[in-house]
Amino acid sequence: MGSDFTKTQYFKYLFDKADKLDKERLEFNSKIIDLLNRQVGELGLILKCHLIIEHYIDEYIITSYPVINEPDKLRLTFNQKLELINNNKTVFGMAYPAIKSLNTLRNRFSHKLDYKIVDSDYKEIIDLMTIWNKAVGEQTPTGLTLIQKFTIWICGNLDTITQGIKRETPELGLAGYLIWLNKMMSV
């Protein structure tokens with residue numbers, strides 16, 4: 001840039017367009033302030049629940065597949081982790097669509113700053129939790145409470161099987177645990 005910016009064509013352009021540019025700046029400021037002031041209830045809860053579930057999935061995978069010596073080096077995506085736990089011999093085969101829908105919801109927030117949750121976003125979670133709530137005679141919650149209850153439920157199941165594997169078949173992982181469990185279920 002030259003020594004006197006006020007003599008450049010760019011300065012003249014900015015000066016001529018000052019009203020329009022100022023209006024654009026004020027519109028931007030309004031949008032960014034709205035985003036910064038937005039309550040993070042939905043976004044925060046979805047991200048937190050997703051992170052918690054992923055933590056328990058990681059623990060489950062490490063325990064289920066003892067041949068994986070250094071799981072951090074695998075650098076699996078969440079979807080790849082879901083594929084690893086998708087097993088119809090465990091509750092996770094049934095829960096797979098619900099966990100996937102939470103991941104989809106998290107991705108929607110990731111790609112659209114002002115995303116608002118709609119009921120169809122967590123239909124699979126409602127379907128799954130309704131089955132279990134009916135079994136224990138409870139009403140299925142809605143909205144963010146549903147997401148929280150689902151997180152507790154899925155993480156509880158992940159932890160229960162993880163602890164069972166650690167206790168009963170640590171060197172054999174999930175495959176050994178399923179054999180052990182099958183034997184234990186016989187009369």
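All of these numbers come straight from a predicted model, not from anything done at the bench.
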List the atom of [X], the atom of [Y], and the distance in Å for their closest heavy-atom pair.
{"X": "Asp121", "Y": "Lys116", "result": "OD2-O, 4.2 Å"}
{"X": "Glu124", "Y": "Ser101", "result": "OE1-CB, 3.4 Å"}
{"X": "His50", "Y": "Asn103", "result": "NE2-OD1, 2.7 Å"}
{"X": "Met94", "Y": "Trp132", "result": "SD-NE1, 3.9 Å"}

Would you say that more than 12 heavy atoms from the other residues, nucleotides or ligands in this model lie under 6.0 Å from the [atom1] of [X], or not?
{"X": "Tyr56", "atom1": "OH", "value": "no"}
{"X": "Asp19", "atom1": "CG", "value": "no"}
{"X": "Tyr65", "atom1": "OH", "value": "yes"}
{"X": "Glu171", "atom1": "CD", "value": "yes"}

Say whether, by atom type as modelled, one donor and one acceptor occur between the side chain of Glu168 and the main chain of Ile165 under 3.5 angstrom. no
Could you tell me the separation between the [atom1] atom of [X] and the [atom2] atom of [Y], rounded to the nearest 0.5 Å?
{"X": "Thr104", "Y": "Ile46", "atom1": "OG1", "atom2": "CD1", "result": "11.5 Å"}
{"X": "Asn133", "Y": "Met129", "atom1": "CG", "atom2": "CE", "result": "5.0 Å"}
{"X": "Ile52", "Y": "Gln148", "atom1": "CD1", "atom2": "CD", "result": "9.0 Å"}
{"X": "Ile53", "Y": "Leu102", "atom1": "CD1", "atom2": "CG", "result": "5.0 Å"}
{"X": "Glu42", "Y": "Ile117", "atom1": "CD", "atom2": "CD1", "result": "4.0 Å"}
{"X": "Arg106", "Y": "His111", "atom1": "CZ", "atom2": "NE2", "result": "7.5 Å"}

Hey, could you give me each pair passing ring pair (Phe, Tyr, Trp, His ring centres under 6.0 Å) that has a residue in residues 156-187? Not counting sequence neighbours. Tyr177-Trp180
Is there side-chain contact between [X] and [Y], with at least one heavy-atom pair below 4.5 Å?
{"X": "Arg25", "Y": "Asp22", "value": "yes"}
{"X": "Cys49", "Y": "Leu45", "value": "yes"}
{"X": "Lys134", "Y": "Gln139", "value": "no"}
{"X": "Leu47", "Y": "Leu51", "value": "no"}
{"X": "Lys100", "Y": "Asn79", "value": "yes"}

May I have the step-by-step check of side-chain hydrogen bond (donor to acceptor under 3.5 Å, both in side chains) for Glu83 and Tyr96, ending in yes or no? CA-CA 8 Å; Glu83 293 305 318; Tyr96 175 85; 2.3 Å; yes
What verdict does the ring pair (Phe, Tyr, Trp, His ring centres under 6.0 Å) test give for Tyr122 and Phe150, after you've listed the backbone C-alpha separation in whole Å, the side-chain angles of each residue and the deciding distance to 0.1 Å? CA-CA 10 Å; Tyr122 46 84; Phe150 169 70; over 10 Å; no
Basic-acidic side-chain contact under 4.0 Å: Lys123, Asp119: no
Are Lys81 and Glu54 within salt-bridge range, i.e. N to O under 4.0 Å?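 Yes.
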Should [X] and [Y] be regarded as members of a common hydrophobic cluster, given that ILVMFWY residues are connected when their side-chain heavy atoms come within less than 4.5 Å of each other, either directly or indirectly?
{"X": "Ile68", "Y": "Ile62", "value": "no"}
{"X": "Met185", "Y": "Ile179", "value": "no"}
{"X": "Leu181", "Y": "Leu172", "value": "no"}

side-chain contact (heavy atoms from CB on, under 4.5 Å) with Ile85: of Ile61, Thr90, Leu174, only one passes, and it is Ile61
Please list, one pair per line, the donor and acceptor atoms closer than 3.5 Å that link side chains of residues 151-163 to other protein atoms, with sequence neighbours excluded.
from: Thr151; atom 1: OG1; to: Ile147; atom 2: O; distance (Å): 2.9
from: Asn157; atom 1: ND2; to: Trp153; atom 2: O; distance (Å): 2.9
from: Asp159; atom 1: OD1; to: Gln163; atom 2: NE2; distance (Å): 3.2
from: Thr160; atom 1: OG1; to: Gly156; atom 2: O; distance (Å): 2.8
from: Thr162; atom 1: OG1; to: Leu158; atom 2: O; distance (Å): 2.7

Is the Tyr60 ring parallel, tilted or perpendicular to the Phe92 ring (thresholds 30°, 60°)? perpendicular
Could you please spell out the steps behind the side-chain hydrogen bond (donor to acceptor under 3.5 Å, both in side chains) verdict for Thr6 and Asp4? CA-CA 5 Å; Thr6 61; Asp4 190 358; 2.5 Å; yes
Could you check Asn182 against Lys89 for side-chain hydrogen bond (donor to acceptor under 3.5 Å, both in side chains), going step by step and ending with a plain yes or no? CA-CA 10 Å; Asn182 193 37; Lys89 294 182 180 185; over 6 Å; no
Give the intermediate values and the outcome of side-chain contact (heavy atoms from CB on, under 4.5 Å) for residues Ile57 and Leu84. CA-CA 9 Å; Ile57 288 173; Leu84 282 174; over 6 Å; no
